[in-house]
Every structure is written in C-alpha cells, then in structure tokens.
Amino acid sequence: MARIGIDLGGTKIEGLALGDQGEELARRRIPAPRDDYGATLAAVAGLIAWLDAEVGAPAPASVGVGIPGVLSPLTGLVKNANSTWLNGHALDRDLTAAIGRPVRLQNDANCLALSEAADGAGAGCRTVFAAILGTGCGGGVVVDGRIITGRHAAAGEWGHSPLPWPRPPDAPGEEPGMKEDERPGPACYCGRRGCLETWVSGPGLADDHTRATGRALTALEVAALAAGGDGPAQAALDRHVDRLARGLAGVVNLLDPDVIILGGGLSNMAHLYERLPRRLAAWCFSPDVSTPIRPARHGDSSGVRGAAWLWPIQR
Ligand SMILES: [Zn+2]
C-alpha cells in the first residue's frame with residue numbers, strides 16, 4: 001500500500017507518495033493559499049488526487065498531513081497554527097469528507113521527529129527529540145517509534161518556555177561579547193517575553209546580531225559573515241550556541257533523549273554540530289552528558305516523509 005504525506009506550510013504545500021519500503025513514488029510542491037481556509041482545503045485535496053493518479057495503486061493510499069499547529073484533543077479543532085487561517089477548523093474531518101478516506105493530522109515538528117526516528121538520523125534510537133530551528137522554534141518527541149502527543153497535544157513545545165539561566169549584563173567571568181542583559185527578553189508573538197523562540201530561531205539570532213551591531217541581516221547572512229572572520233558576527237553565533245545549549249539542557253534534564261536532531265533553516269549551520277555538544281554538556285545536571293546532536297538526514301523532506309509515516313507507525 002502506498003502512503004501519502006502532505007506538509008502544509010505557510011508558503012508552500014508539499015506532497016509525497018511513499019511505497020512499502022519507504023521509496024519515493026511521486027512528489028509535488030505547490031504554493032499555499034494564504035488567509036483562505038476553503039482554498040487551502042481544495043489545494044490539499046487536489047494535491048492528494050494528483051498523487052493518487054501518479055501512484056495508480058489499486059488500493060487507495062493512506063494520507064497523513066503535517067501542519068504548523070496541532071489538533072486540540074479537547075475540541076477537535078486546529079490550534080496554535082502560525083498559518084492562522086487553519087485555527088478553529090476541523091481540518092482532519094473536512095479533508096476526510098473532501099477525499100473520502102480517513103486522514104491523520106500531526107504537528108510538523110512531530111512529523112520531523114517521526115521521520116528521522118523511522119529511517120533518518122534517529123534510526124535505532126529509542127527516544128528521539130527533534131527541534132525545528134527556522135522562522136519559529138518547534139519540537140517533537142518520539143519514543144519507540146511513536147509520537148508523544150500529550151494531554152493537550154502540547155508535548156515537545158519547548159520553544160515557548162523561557163530561556164534558562166538568563167544573564168544579567170554584569171555577570172562575572174563572561175566574555176565581552178556575551179554581555180547582554182537577557183532579562184526579560186524580547187517580546188514573543190505568544191504574548192510573553194523571553195521565550196526560547198525569540199533567541200534561538202532564525203529571526204531570534206538575526207535580531208540579536210542587530211541589537212549588538214545595528215546591522216539588519218538574516219541569520220544565514222550572519223553565519224556567512226562569521227565564517228569570513230567577522231568578530232561581531234562570531235560573537236552573535238557564540239551567544240546563539242550557548243542559548244541553544246541552555247534550552248536543550250532543559251530537554252536533557254527532563255527527557256534525556258538518545259539523540260537530538262535539528263531541522264529547519266538553521267540546521268544547515270555546520271558549527272552547531274562542532275560546538276553545541278560540549279556546550280550542552282556544560283549546562284546539564286548530569287556530569288557525563290554525551291547526547292549526539294545531528295542534522296535531519298532527510299533535510300527539508302523530513303516533515304513530508306513523517307506525515308506519510310503517520311499511518312504504519314503511529315496508531
Ligand atoms: Zn512565546
């Protein structure tokens with residue numbers, strides 16, 4: 001039986017059909033309609049129909065969908081989606097009605113964790129924590145091949161907890177480039193201040209560099225400058241690595257995963273894998289932490305692959 005995965009993003013919708021062994025049968029990417037729930041529903045249904053036709057299997061393919069939000073177990077409606085036009089809708093039931101077969105819906109970071117646990121950078125690991133470092137900061141937990149969703153479908157949402165051990169500007173023994181008052185921290189769209197997302201996401205890193213230098217660059221531009229030897233850019237990356245380590249230390253203290261996998265745009269920054277493990281160990285309670293930190297093996301395709309895997313693995 002073929003499995004269809006859909007990754008419903010804010011700017012694009014990606015569809016993928018996998019065969020029995022996880023081999024790719026068909027793939028297509030289309031622009032995502034914005035601010036229009038009905039058009040989004042129609043676009044996803046149309047993409048599924050196209051994949052069905054490409055696969056041409058006698059039995060209908062299963063369908064899993066990853067979204068940048070979650071289905072509330074309480075109401076059955078989408079919540080916490082930054083594609084806000086999805087919020088408040090029964091997307092799974094509406095899609096099921098549109099295509100005539102059941103649909104499974106999951107948070108996109110959970111899909112990343114599931115994909116990487118199944119046949120990616122977390123294969124063979126019992127407990128996998130996957131973090132998306134992109135325009136936002138999501139997270140997902142998979143244990144023994146199953147997504148831990150939680151009572152409120154909120155498990156793994158580490159991005160909206162506060163930055164641990166925030167530094168006052170006069171903290172002793174710190175390098176000059178680290179001297180920024182981290183309290184109360186930048187305003188977050190969730191209504192609070194100082195959420196991890198405001199520090200470790202792409203915009204979080206970019207804004208930190210801007211506060212220090214007055215230059216408005218993207219995170220990847222800051223990384224490129226740093227690679228060329230620019231001191232302020234290197235200092236911004238150093239602060240970013242340390243904040244990420246502090247955030248992940250909370251994950252290790254609570255969950256102690258066998259592997260931490262990074263996805264999203266910032267996961268392409270090679271220095272993270274060189275410097276983050278040691279910095280992480282320094283912040284953890286356990287004195288012997290050696291958690292491997294790896295980039296998502298399936299890269300940008302991990303979300304859509306995880307959505308396809310929602311059927312055989314996640315019951
Ligand atoms: Zn927040």
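In each ligand, atom 1 is the first atom listed, and ligand 1 is the first ligand listed. Just so it is clear, the values below take in all heavy atoms, side chains as well, and ignore hydrogens, waters and symmetry mates.
Ala281 and Val289 make their closest contact through CB-O, 3.5 Å (heavy atoms, listed as atom of the first residue, atom of the second, distance).
The distance from atom OG1 of Thr84 to atom CG of Leu86, rounded to the nearest 0.5 Å, is 8.0 Å.
In this model, a donor atom of one side chain and an acceptor atom of the other lie less than 3.5 Å apart for Asp94 and Tyr37. Side chains of His298 and Glu116: no donor on one and acceptor on the other come within 3.5 Å.
Screening the protein for N, O or S atoms under 2.8 Å from the Zn ion (ligand 1) yields 4; no waters enter the count.
Arg211 has a carboxylate O that lies under 4.0 Å from a charged side-chain N of Asp208, or vice versa, which qualifies the two as a salt bridge.
Cluster annotation: Leu310 and Leu8 are assigned to distinct hydrophobic clusters (Ile/Leu/Val/Met/Phe/Trp/Tyr, side-chain heavy-atom contacts under 4.5 Å, transitive).
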